[in-house]
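See structure below.
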Amino acid sequence: MPGPTDPLLAWYASRARRLPWREDPPSDPDLRAYRTLVSEVMLQQTRADTVIEYYTRFLEHFPTVEDLARAPIEEVLKQWAGLGYYGRARHLHAAARAVWARGVFPRTAAELVHLPGLGPYSAGAVASIAFGEAVPAVDGNVRRVVARLTGQDPAPSSGIRQVEAWVRSRIPPDRAGAFNQALMDLGATVCVPRRPRCADCPLARECLARARGIEASVPSSRTRTPRPLEQRVAVIWAKQGAVLVVERPGPGLLAGTWGPPDGPIAAGESPEEEAVRLLAEGFGVRSRAVERLGCVTHAFTHRRWAVDVVRVDARGAPEARGWTRFRFLAPDQARDEVALSRLGRKVLETLEPRRDAPGPSARRRPRPHGGREPGRLT
DNA sequence: AATCCGGGGAG
DNA sequence: CTCCCAGGATT
């Protein structure tokens, strides 16, 4: 007798997203698990479209769990640079080392969840996709899909458990991986947060939220706390075409990534004054502000930064004080040789605007206190 | 239970 | 622009 979720698997068979980590799963279970692990950690808090290029490049650099385990963390962060949540890269690296030391991949979700960086979702995803274990993998998509199917708004904490129980009771024992991925794909492409496309949904007939006309308002959205805007300054110190970039110390924001040095602007201070002070206190270097190159904004989870970029002139050799390491690199080199954060990239782009960027109006916004045209290296 | 971690897409 | 999305670790 057909189960109520058969239409879902039928839909998935024809409408599954084509994603690199789904192509040609290797017959070696450990290699299969490794690829799944990399993709699932990258997919935490990150959309599939964004992950694709990172995943492909990452596997070219680290084709096996051994390659990743033996690599220095700096190489791993370089491949991760721009993807965000850099703690994930450290955890993934540590997980690879744990698996490598162990000699074989943990085969069950109950064991996988003890690897660094793997929680209930990721452990369930790897176990079901790579090993076929019949366990739930409840991410934000699945949570939303099940909430609508059942017409129940999941509570913030206990809600996940109920969704997991629902999935567990319906998961086909021999199709666990496809079932979990089908739920996720449905949430990503059809059962989307706002204005779900119920006309395209294979489960619309059994959807209770749909029956009650509340599909657009379930699950309820959490109230978000506004993110404070912090004023900061970044310093461009160029010597013969090479720009000072520093490694941001951890733990904390952007730990382990690189970029031109930056710091807060104290109330009442100007970006130029703070830039000079930053070089003096952070690197023991006397400098003078030459020009303001622009202002870049960057949003984190709990705060936003407005970073004024100031080019300075200085002589002599810096000494790293508050920062762990520094180098002088041309912007192109910085992109290739260190883990340049997205913020660091934006700051460097005030110096060398992209040639293929749209017109001047769509680019850098000099904003409120007046900016200037981008400068050139001397 | 609350807070800390980036970045990007849709509207 | 503004809103909105999406797991795990830590305390």
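Sequence lines set the chain letters: A, B, ... in the order given, protein chains first and strands last, and positions in each chain run from 1.
- When distances run from any side-chain atom of A:R304 to the nucleotides C:dC5, B:dG7, C:dT2, the shortest one goes to C:dT2.
- Within the cation-pi definition used here (under 6.0 Å to the ring centroid, within 45° of the axis), A:R57 qualifies as a partner of A:Y54.
- Rounding to whole angstrom units, CG of residue A:D139 and P of C:dG7 are separated by 4 Å.
- Residue A:T46 has no polar side-chain atom (N or O) positioned under 4.0 Å from OP1 or OP2 of C:dG7.
- Among the atoms of the strands shown, base atoms are found under 4.0 Å from some heavy atom of A:Q45.
- The side chain of A:R227 lies closest to C:dC4 when the candidates are C:dA9, C:dG7, C:dC4.
- In this structure, A:G252 and A:T50 both approach DNA chain B, and ranking their closest nucleotides by distance from the 5' end singles out A:G252.
- Nearest nucleotide to the side chain of A:R47, out of B:dG7, B:dC5, C:dG7: B:dG7.
- Look at A:R195 and you won't find any side-chain N or O under 4.0 angstrom from OP1 or OP2 of B:dG11.
- Aromatic rings of A:Y85 and A:W80 (six-membered ring for Trp) have centroids beyond the 6.0 Å cut-off, not under it.
- Contacts of A:P156 with the nucleic acid, taken as non-hydrogen atoms under 4.0 Å apart, are absent.
- If you check B:dC5, C:dC5, B:dG7 against the side chain of A:T301, the one that comes closest is B:dC5.
- A:G87 comes within contact range of no nucleotide atom at all, as no heavy-atom separation falls under 4.0 Å.
- Proximity of a side-chain donor or acceptor of A:T46 to a complementary backbone N or O of A:L43 within less than 3.5 Å is not detected.
- Remark: A:Y85 is not in phosphate contact with C:dA9, judged by side-chain N or O atoms under 4.0 Å from OP1 or OP2.
- Between A:F179 and A:Y12, every side-chain heavy-atom pair lies at or beyond the 4.5 Å cut-off.
- Nucleic acid contact class of A:R144 (heavy atoms, under 4.0 Å, all strands): sugar-phosphate only.
- Of the possible donor and acceptor atoms, none in the side chain of A:R194 sits under 3.5 Å from a partner among the backbone N and O of A:A216.
- Between A:E75 and A:K78 there is a salt bridge, since a side-chain N of the basic residue sits under 4.0 Å from a carboxylate O of the acidic one.
- When the P atom is compared between C:dC5 and B:dC5, the two are found 23 Å apart, to the nearest whole Å.
- Side-chain atoms of A:R88 and base atoms of B:dC5 include no donor and acceptor less than 3.5 Å apart.
- Comparing C:dA9, B:dG7, C:dC5 by their nearest atom to the side chain of A:P193 picks out C:dC5.
- The CG atom of A:L340 sits 10 Å away from the P atom of B:dG7 (whole-angstrom rounding).
- Heavy atoms of A:R194 sit under 4.0 angstrom from primed sugar atoms or phosphate atoms, though from no base atom.
- A:N141 comes within 4.0 angstrom of the backbone, heavy atoms only, and of no base.
- Place A:L115 and A:L43 on DNA chain C by their nearest nucleotides, and A:L43 ends up nearer the 5' end.
- Applying the 4.0 Å criterion to OP1 and OP2 of B:dC5, one finds that A:H302 has every side-chain N and O outside that range.
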